[in-house]
Visitor: 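My structure is below; once you've seen it, I'll send some questions.
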Amino acid sequence: MDILWLLIRASWVRVVVAIVMGIVSGGCSAWLIGLVNANLNERTPSPAIAFFAGLVLLALISGMLAQFLLIDLAQDSVYQLRLRLSQRILSAPLRQLEELGPSQLLAVLTKDVQAISDTVFVIPYICVDIAVIAGCAVYLSWLSGWVFAVTVIFIGAAITLVQTLINSAHHYLQQARQEVDRLFQHFRSLTDGIKELKLNSIRRHRFVEEDLGVSAAASRRYQKNAFKIAAVATGGGQLLFFLLIGLLLFSVPQLLPTAQSVLPAYILTLTYLLGPIENLVQQLPTLANASVSIRKVNEMGLALTENAEIDTVIQQPSPSSWHTLELEEVVYAYQSTDADHRFTVGPINLTLKAGELVFFVGGNGSGKSTLAKLMTGLYVPDSGEVRLDHVPIVDANREWYRQHFSVIYSDFYLFERLVSGEELTLDKLAQTYLERLQLEKKVSVQKGQLSTVELSQGQRKRLALLAAYLEDRPIYLFDEWAADQDPIFREVFYTQLLADLKQRGKTVLVISHDDHFFHVADRIIKLDYGQIDSDSG
């Protein structure tokens, strides 16, 4: 069982102790049933009240201890799972994450982890139920070996039948889980493309009917089939229980006359077991669903771990800590099954010097953004070499190399928490930059936290620029930063803000289409079809 292995990997010692406590609880429960049965049959004197009460107390305490141990262990396991999976995502190469897509990652982090968490919550109760069932089974075998053998054979056949149904339900749950990835992708289309959907009724109708509706219907169908089969398994289990009672009442006395005397005890014990058995059978679909989610999480985790990058906290380099950045014969190709449509950037031969203001220009699809990811170390070249002050950038020092850059990509994400090397003066420094960026009336900073990020796209980019200022890295890269600014602030960006960064000794790399401001650059590098077309100073 996948969920059990998850707990064992977290702490096998606590699992063993919980199992021992569960066995004690189950044994006490079986003993209590035996005492009740013996007293009802008056075969032995009534037990002392103190002894009976002691068994009740021991069963209660051991059962609670088993549950407490497993509850702590289960929640610790989910906590570790969430952090471990998030860390693996952070350590995975950017290109691998782009290929997986946000919908798959989001489905694992939300649906799968939540399914595991919900199942882990009921594991302690399942374990206690199993312990009670095991204890009562020992008691039944002590009453009569032959009747117990008949009971075990019948229950074995019943479990085989129920498990066959559960396996069928598990198959449908796996199909439903595969559909969830597609459904999450459609949900992203719904939220990210809401404006386009509102403006085009035909697109909206087809999206709902042919994309979102189809995936939702398929997920619904698989879930219905799975839980209907599970309901049949649950109902079948109850029916088989009463068939067992009937077998013991009407058939066993004919086959084994000597067993007549133990049948009341058997009926009483099995009736007591009906509750734990029903609970166990009802949780089987949940356990199957959690197994699907655990396997999905493990598959994702393994996929992300194969090419995991070295993750360490690196001391920020000083602005004057480098002189030249070189790209020599750097080539990067996007993987595609169709070789004729595979886009390749390079070979790129480029040398950048500290303190330069460089513009990268070119049409859409010319390779500017890919080159930016190569220069910043987010993409690893397929061939060629990136060097900083003649030191080759490899896996061992790539994290250190990335700390030289503050970047605002066109698809940037804005965090509410600010990060600065001068934490003690962060709020005061941030307020100064807010005034310069003309945002002091809309946003404030308290303890390194922005009061809001719900602004227009142009204003959000200014906040991203504020975050970049506070990072105070040696190299700044802006990917079409001015595209969402009004004409006045666009001119401020090109004529004042870039000049200020350059005056502070920063190296500034700008991807831009604003040819009216090309004159402010020290160099203009033009890209075309993934290669440098010209480099003019």
Visitor: Main chain of V394, side chain of N397: is a donor-acceptor contact present, judged purely on distance under 3.5 Å?
Guide: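 It does hold such a pair.
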
Visitor: For E356 and T507, which I'm curious about, is there any donor-acceptor pair between the side chains at under 3.5 Å?
Guide: no

Visitor: Kindly say whether the aromatic ring centers of F227 and Y172 come within a distance under 6.0 Å.
Guide: no

Visitor: Check side-chain hydrogen bond (donor to acceptor under 3.5 Å, both in side chains) between R95 and all other residues, then give those that pass, not counting sequence neighbours.
Guide: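 side-chain hydrogen bond (donor to acceptor under 3.5 Å, both in side chains) check on R95 returns E98.
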
Visitor: Could you tell me whether the side chain of I393 reaches within less than 4.5 Å of the side chain of R387, counting heavy atoms only?
Guide: no

Visitor: Do E399 and Q403 meet the criterion of a side-chain donor-acceptor pair at a distance under 3.5 Å?
Guide: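 Side chains of E399 and Q403: pair found under 3.5 Å.
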
Visitor: Can you find a heavy atom in the side chain of I475 that is under 4.5 Å from one in the side chain of L509?
Guide: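 Result yes, sub-4.5 Å side-chain heavy-atom pair found.
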
Visitor: Less than 4.5 Å apart, any side-chain heavy atom of L497 and any of Y469?
Guide: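 A side-chain contact exists here, since the closest heavy-atom pair is under 4.5 Å.
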
Visitor: So, for L374 and V386, which heavy atoms are closest and what is the spacing to 0.1 Å?
Guide: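 Minimum heavy-atom contact is O-CG2, 4.4 Å.
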
Visitor: If you define the side chain from C-beta out and look only at heavy atoms, does anything of Y409 sit under 4.5 Å from K373?
Guide: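 Yes, at least one pair of side-chain atoms sits under 4.5 Å.
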
Visitor: Heavy-atom distance under 4.5 Å between the side chains of Y476 and V407, does that happen here?
Guide: no

Visitor: Taking only Lys NZ, Arg NE, NH1 and NH2, and the carboxylate oxygens of Asp or Glu, determine whether D486 and K461 approach each other closer than 4.0 Å.
Guide: no

Visitor: Before accepting this row, confirm whether a basic side-chain N of the pair K353/D522 lies closer than 4.0 Å to the acidic partner's carboxylate O.
Guide: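 Here K353 does not pair with D522 in a salt bridge, since their nearest N and O are not under 4.0 Å apart.
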
Visitor: Are K506 and D500 within salt-bridge range, i.e. N to O under 4.0 Å?
Guide: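 A salt bridge is absent here (no side-chain N lies under 4.0 Å from a carboxylate O).
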
Visitor: Does the side chain of P381 reach to within under 4.5 Å of the side chain of V331, using non-hydrogen atoms?
Guide: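 A side-chain contact under 4.5 Å is absent here.
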
Visitor: Verify side chain to side chain contact (heavy atoms under 4.5 Å, CB included) between F478 and L501, making sure each step is shown before the conclusion.
Guide: CA-CA 12 Å; F478 303 107; L501 287 171; 3.9 Å; yes

Visitor: Looking only at non-hydrogen atoms, find the nearest pair between R490 and A483 and report the distance.
Guide: NH2-O, 3.7 Å

Visitor: Quick one: does Y379's side chain have a donor or acceptor within less than 3.5 Å of a partner on A372's backbone?
Guide: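 Looks like no, no N/O pair under 3.5 Å.
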
Visitor: Run L434 and L466 through side chain to side chain contact (heavy atoms under 4.5 Å, CB included) and show every step you take.
Guide: CA-CA 7 Å; L434 283 173; L466 162 67; 3.7 Å; yes

Visitor: Taking side chain as C-beta onward, heavy atoms only, is F360 less than 4.5 Å from V510?
Guide: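 No, their side chains stay 4.5 Å or more apart.
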
Visitor: What's the spacing between L498 CG and Q503 CD if we round to 0.5 Å?
Guide: 13.0 Å

Visitor: Would you say the side-chain atoms of Y332 and S383 include a donor-acceptor pair closer than 3.5 Å?
Guide: no

Visitor: Main chain of G363, side chain of S366: is a donor-acceptor contact present, judged purely on distance under 3.5 Å?
Guide: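 Looks like yes, one N/O pair under 3.5 Å.
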
Visitor: Quick one: closest heavy-atom pair of M375 and F405, and the distance?
Guide: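 Result for this residue pair: O-CZ, 3.2 Å.
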
Visitor: How close do L437 and L465 get, counting heavy atoms only, and between which atoms?
Guide: CD2-CD2, 3.8 Å

Visitor: Looking at every heavy atom in both Q223 and A176, which two are closest together, and how far apart are they?
Guide: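 Looks like NE2-CB, 3.9 Å.
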
Visitor: Tell me whether R523 forms a cation-pi arrangement with F359, defined as NZ or CZ under 6.0 Å from the six-membered ring centre and within 45 degrees of its axis.
Guide: no

Visitor: Dump the intermediate steps for side chain to side chain donor-acceptor pair (under 3.5 Å) on Y334 and T370, then the final yes or no.
Guide: CA-CA 10 Å; Y334 287 91; T370 302; 2.5 Å; yes

Visitor: I'd like to know if the side chain of H171 and the backbone of A226 have a donor-acceptor N/O pair within less than 3.5 Å.
Guide: no

Visitor: Find the distance between CG (D479) and CH2 (W481) and round it off to the nearest 0.5 Å.
Guide: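 The CH2 atom of W481 is 13.0 Å from CG of D479, to the nearest 0.5 Å.
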
Visitor: With side chain to side chain contact (heavy atoms under 4.5 Å, CB included) as the test, would you mind laying out the steps for H404 and R473 before giving the verdict?
Guide: CA-CA 6 Å; H404 289 74; R473 300 288 178 84; over 6 Å; no

Visitor: Using a distance-only test with no angle check, is there a side-chain donor-acceptor pair under 3.5 angstrom linking E480 and S410?
Guide: no

Visitor: Could you check whether S512 and Y494, counting side-chain N and O atoms only, form a donor-acceptor pair closer than 3.5 Å?
Guide: yes

Visitor: Just checking, is any N or O donor in the side chain of Q175 or R221 under 3.5 Å from an acceptor N or O on the other one?
Guide: no

Visitor: Between atom CG of L183 and atom CG of D211, what is the distance when rounded to the nearest 0.5 Å?
Guide: 11.0 Å

Visitor: What I'd like to find out is whether the side chain of L371 reaches to under 4.5 Å of the side chain of L527, using heavy atoms alone.
Guide: yes

Visitor: Calculate, to the nearest 0.5 Å, the distance between atoms CG and NE2 belonging to L325 and H390 respectively.
Guide: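 Atom-to-atom, L325:CG and H390:NE2 are 11.5 Å apart.
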
Visitor: Rounded to the nearest 0.5 Å, what's the gap from CG on L439 to CZ on R436? Could you check?
Guide: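 Rounded to the nearest 0.5 Å, the CG-CZ separation comes out at 13.0 Å.
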
Visitor: I need the S369 OG to L477 CG distance, nearest 0.5 Å.
Guide: 9.0 Å

Visitor: Apply the test side chain to side chain contact (heavy atoms under 4.5 Å, CB included) to residues L388 and E326: give CA-CA distance (whole Å), side-chain angles for both, the deciding distance (0.1 Å), then the verdict.
Guide: CA-CA 6 Å; L388 187 67; E326 302 169 278; over 6 Å; no

Visitor: Do the side chain of D382 and the main chain of A333 share a donor and acceptor less than 3.5 angstrom apart?
Guide: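 A pair under 3.5 Å: yes.
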
Visitor: What heavy-atom pair brings G362 and H513 nearest, and what distance separates the two atoms?
Guide: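 Smallest interatomic distance, heavy atoms only, reads O-NE2, 3.0 Å.
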
Visitor: Could you list the donor-acceptor pairs under 3.5 angstrom formed by side chains in residues 344-352, with sequence neighbours left out?
Guide:
{"unit_1": "N349", "atom_1": "OD1", "unit_2": "E329", "atom_2": "N", "d": "2.9"}
{"unit_1": "N349", "atom_1": "ND2", "unit_2": "E329", "atom_2": "OE2", "d": "2.9"}

Visitor: Check this for me, if you would: do K368 and D528 make a salt bridge, where the nitrogen-to-carboxylate-oxygen distance has to be below 4.0 angstrom?
Guide: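 A salt bridge is absent here (no side-chain N lies under 4.0 Å from a carboxylate O).
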
Visitor: Looking only at side chains, do H516 and E491 share a donor and an acceptor under 3.5 Å apart?
Guide: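 Side-chain D/A pair, H516 to E491: absent.
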
